[in-house]
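Just so you know, these numbers come straight off a predicted model, no measurement behind them. Counting convention: from 1, in listed order, for ligands and their atoms alike.
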Amino acid sequence: MIHKDVSDKYIGPIGIFDSGYGGLTILEKIRSALPEYDYIYLGDNARTPYGTRSFDVVYRYTLECVTHLFEMGCHLVIIACNTASAKALRSIQQNDLPLIDPNRRVLGVIRPTVESVVELTKTKHIGLLATSGTVQSNSYPLEIQKLNQDIVLASEACPMWVPLIENNEHKTKGADFFIKKNIEQLLFSDQLIDTVILGCTHYPIILNQIKSFLPENIQVVSQGDLVAASLANYLQRHPEIDSKCSKNHSIRYLTTESVEKFATSASIFLNERINAEHIDLG
Ligand code: DGL
């Protein structure tokens with residue numbers, strides 16, 4: 001287990017972590033809902049994708065990134081990655097936080113997504129598009145079962161989607177082939193689906209392509225707005241955490257990859273030039 005002394009500055013930014021660029025889709029929504037806060041985004045771009053890695057590896061990488069954000073003064077870290085939320089969040093919350101600092105908080109993206117989506121479906125048949133890791137973890141069906149046992153969830157792992165997006169190959173015929181193939185397989189497995197969860201923070205980048213392969217009567221749920229609303233609600237309910245979050249409207253970006261590569265690829269996600277700082281982990 002990794003256990004480092006963490007900086008205990010009284011107030012600090014909110015940390016947003018993803019295996020790569022996908023968390024930028026969450027960051028954008030969080031910043032428009034809560035613009036006054038300071039943020040640090042950490043993309044573990046050198047080790048992405050996490051979606052095909054084992055539990056142990058995703059847990060170790062995620063803990064390293066969360067610890068780094070704590071060391072930079074974050075009291076609250078959002079794991080803006082479904083794969084890391086599925087495979088690492090619970091262990092970090094239950095086993096690591098009490099040792100590192102019981103007053104810090106780490107939140108994921110699966111619970112807020114599920115809380116909204118169970119209210120949206122009429123047929124009670126939901127589809128999940130996600131990485132292999134998220135699907136294999138069973139986190140979505142388990143969380144849905146806790147809220148409503150009548151809901152049926154069909155899951156489809158889409159292992160090609162993240163690499164296509166990370167490599168900026170998602171607007172190609174080849175990408176369309178894989179997007180269409182996975183969607184058809186999902187719909188074939190359950191013809192009563194009326195709601196589809198984009199259970200990977202990279203997928204909003206290909207939202208239009210996804211929608212073009214889905215019938216119009218099926219609603220598509222992206223996580224950004226849901227996570228942002230859930231975070232705003234959390235900060236209201238937890239003034240003891242909110243008071244430790246600094247509020248100067250600032251943003252910093254950290255990457256484990258080269259800063260040039262981050263600047264080029266991140267602009268696909270945010271439509272603006274991003275200047276990141278390089279960090280080494282592990
Ligand atoms: N954005 C991550 C997620 O939500 C991508 C996972 C990966 O790195 O494969 O699952």
message: Check this for me - ligand 1, Val162, N or O atoms closer than 3.5 angstrom, yes or no?
response: no
- request: Kindly compute the distance separating CG (Leu187) from CD1 (Ile218), expressed to the nearest 0.5 Å.
  value: 5.0 Å
query: Between Leu235 and Leu76, is any pair of side-chain heavy atoms under 4.5 Å apart?
result: yes
- line: Under 4.0 Å from one or more heavy atoms of Cys200, ligand 1 contributes atoms 1 (N), 2 (C), 3 (C), 4 (O), 5 (C), 10 (O)
statement: So the atoms of ligand 1 within less than 4.0 Å of a heavy atom of Gly51 turn out to be 7 (C), 8 (O), 9 (O)
query: Hey, what do you get for CD (Glu184) to CD (Glu156), rounding to the nearest 0.5 Å?
result: 10.5 Å
statement: among protein heavy atoms, the one nearest atom 2 (C) of ligand 1 is Cys81 SG, 3.3 Å
- request: Number the atoms of ligand 1 from 1 as they appear, then name those within less than 4.0 Å of a heavy atom of Thr131, with their elements.
  value: 6 (C), 9 (O), 10 (O)
Separation between NE2 of His170 and CD1 of Ile179, rounded to the nearest 0.5 Å: 8.5 Å
field: Part of Thr83 with heavy atoms under 4.0 Å of ligand 1, whether side chain, backbone, both or neither
entry: both
field: ligand 1 atoms in contact with Pro49 (distance to a heavy atom under 4.0 Å)
entry: 7 (C), 8 (O), 9 (O)
- prompt: Taking only heavy atoms of Thr48, which atoms of ligand 1 are found under 4.0 Å from at least one of them?
  reply: 8 (O)
query: Is there any N or O on Thr134 that sits under 3.5 Å from an N or O of ligand 1?
result: no
- prompt: At what distance, to the nearest 0.5 angstrom, does CD of Gln219 lie from CG of Leu214?
  reply: 11.5 Å
- request: Would you check if there is a donor-acceptor pair between the side chains of Asp96 and Tyr59 at a distance under 3.5 Å?
  value: yes
Which residue and heavy atom of the protein sit nearest atom 8 (O) of ligand 1, plus the separation: Ser19 OG, 2.5 Å
statement: Quick note on ligand 1: atoms under 4.0 Å from a heavy atom of Asp18 include exactly 1 (N), 2 (C)
Spatial distance of atom CD (Gln209) from atom CZ (Phe178) [nearest 0.5 Å]: 13.5 Å
task: Between Asn82, Ile165, Val109, flag the one that comes closest to atom 4 (O) of ligand 1 by a heavy atom.
output: Asn82
- prompt: With sequence neighbours left out, what residues match Arg47 under salt bridge (Lys or Arg N to Asp or Glu O under 4.0 Å)?
  reply: Asp44, Glu64
